[in-house]
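These notes are about the structure you will find just below.
Everything quoted here is computed from the prediction, not taken from an experiment.
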Amino acid sequence: MSKGSPFDQLMHEVCVERGWCGGIVDEKPRHVTDFLPESGVVSADQFALWLFEAEGVDPDEDRSKWQPHLDGLKAAFVRHLGEPQVAVSELKWSDS
């Protein structure tokens, strides 16, 4: 996918291709964007952990199982956004 903002492309990869968007956690719908702060900087590490949280998955329960997924999600963040951390203002849908 080459259309849309770098964030659109990141979300396409992590949600559509990898299946990490969010789900129902504690009977409430969750999406990774629910965890974004209003301002500041977001790191690839934090974003990957939010993806897990949005799914209701604790990667520490079986780190050897989840580490490859964390690594792939962090790599996707850097690949699409160009840096291991970015201003949260860059994490917006292109149509918003």
Which side-chain N or O atoms in residues 34-42 pair as donor and acceptor under 3.5 Å with protein atoms at least two apart or in another chain?
residue : atom : partner : partner atom : Å
Asp34   : OD2  : His31   : N            : 2.8

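In plain terms, the two heavy atoms of Phe47 and Met11 that are nearest each other are CZ-SD, 3.8 Å. Scanning both residues, Val32 and Ala54, for their nearest heavy atoms gives N-CB, 3.7 Å. The two residues Pro68 and Ser64 come nearest to each other via the heavy atoms CD-O, 3.5 Å. Between Pro59 and Leu70, the shortest heavy-atom contact is CB-CD1, 3.9 Å. Contact between Asp45 and Lys74 at its shortest, heavy atoms only, is OD1-CD, 2.6 Å.
Taking OG of Ser5 as the reference point, atom NE2 of His80 lies at 10.5 Å (rounded to 0.5 Å). Distance check: Leu73 CG to Leu10 CG gives 8.5 Å after rounding to the nearest 0.5 Å. Interatomic distance, CD of Gln9 versus OG of Ser94, reported as 9.5 Å (0.5 Å rounding). Atom CG of residue Leu81 and atom CD of residue Glu90 lie 6.5 Å apart, to the nearest 0.5 angstrom. To the nearest 0.5 Å, atom CG of residue Asp95 and atom CG of residue Asp8 are 7.0 Å apart. The distance from the SG atom of Cys21 to the CG atom of Leu51 is 8.0 Å, given to the nearest 0.5 Å.
Considering only residues two or more places apart in sequence or on other chains, Asp71 meets the side chain to side chain donor-acceptor pair (under 3.5 Å) condition with Gln67. Considering only residues two or more places apart in sequence or on other chains, Glu13 meets the salt bridge (charged side-chain N to carboxylate O under 4.0 Å, His left out) condition with Arg18, Arg79. Partners of Asp26 under the side-chain contact (heavy atoms from CB on, under 4.5 Å) rule, at least two apart in sequence or in another chain, do not exist in this structure. Residues forming a salt bridge (charged side-chain N to carboxylate O under 4.0 Å, His left out) with Asp60 (at least two apart in sequence, or on another chain): Arg63. A search for side chain to side chain donor-acceptor pair (under 3.5 Å) contacts involving Asp58 returns nothing, not counting sequence neighbours.
In this structure the side chain of Glu83 never reaches within 4.5 angstrom of the side chain of Val78, judged on heavy atoms. Residues Ser89 and Leu91 fail the side-chain proximity criterion, which asks for heavy atoms closer than 4.5 Å.
Ring geometry for His69 against Trp20 counts as tilted: the plane angle lies between 30° and 60°, on a 0 to 90° scale. Note on ring orientation: taking the six-membered ring where Trp is involved, the planes of Phe7 and Trp93 are perpendicular (angle over 60°, cut-offs 30° and 60°).
If you chain together hydrophobic residues whose side chains sit under 4.5 Å apart, Trp50 and Val88 fall into the same group. The cluster map of Ile, Leu, Val, Met, Phe, Trp and Tyr, joined by side-chain heavy atoms under 4.5 Å apart, puts Val14 and Val16 in different clusters.
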